[in-house]
Chemist: 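Can you keep this structure in mind? I'll have questions shortly.
In this chain, numbering begins with 1 at the start of the sequence shown.
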Amino acid sequence: MNSHTVPRKLIDQFAFDGAARGARQIWRYEKNRAPYLQKSLKNASAWEGHFSDPTDPKKEEELERRLNVEFEEPVNEFLGVIET
């Protein structure tokens, strides 16, 4: 499961319109690596198995659900309010 650590709508605040029509892009920075263009906002802050627990396979799914309900949805709602 891809764990999203930052809401996409928040990442979109830092993105720009790329060369391809309708494509939003963002620069990605990592330690000891030159900046490079991250082409997909969907995967910009997603890591496979980031919240996984080998002793409890259901824990990652539950944590992702809670983060979505308790953090991502309120952030998206707030950003929608301040954008208007």
Chemist: Nearest 0.5 Å please: distance from the CD atom of Gln13 over to the CD1 atom of Ile26.
Modeler: 10.5 Å
Chemist: Please report the interatomic distance CG(Leu67) to CD(Glu72), rounded to the nearest 0.5 Å.
Modeler: 8.5 Å
Chemist: Could you grab the distance from atom CG of Asp56 to atom CG of Leu63, nearest 0.5 Å is fine?
Modeler: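 Answer for the CG-CG pair, Asp56 versus Leu63, is 11.0 Å.
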Chemist: Tyr36 ring centre to Arg33 NZ or CZ under 6.0 Å, with the angle to the axis within 45°?
Modeler: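 Geometry flag: set, cation within 6.0 Å and 45°.
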Chemist: Quick one: does Phe16's side chain get under 4.5 Å of Trp27's, heavy atoms only?
Modeler: yes
Chemist: So, are Glu62 and Lys59 salt-bridged, with charged N and O less than 4.0 Å apart?
Modeler: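 A salt bridge is absent here (no side-chain N lies under 4.0 Å from a carboxylate O).
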Chemist: Taking atom CD as the centre, does Glu30 end up with more than 12 heavy-atom neighbours from other residues, nucleotides or ligands that are less than 6.0 angstrom away?
Modeler: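 Above 12, so yes.
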Chemist: So, does Arg24 use its side chain to make a donor-acceptor pair with the main chain of Ala15 at under 3.5 Å?
Modeler: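 Yes, because the side chain of Arg24 sits within donor-acceptor range (under 3.5 Å) of the backbone of Ala15.
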Chemist: Measure the CD-CZ distance between Glu61 and Arg66 for me, rounded to the nearest 0.5 Å.
Modeler: 14.0 Å
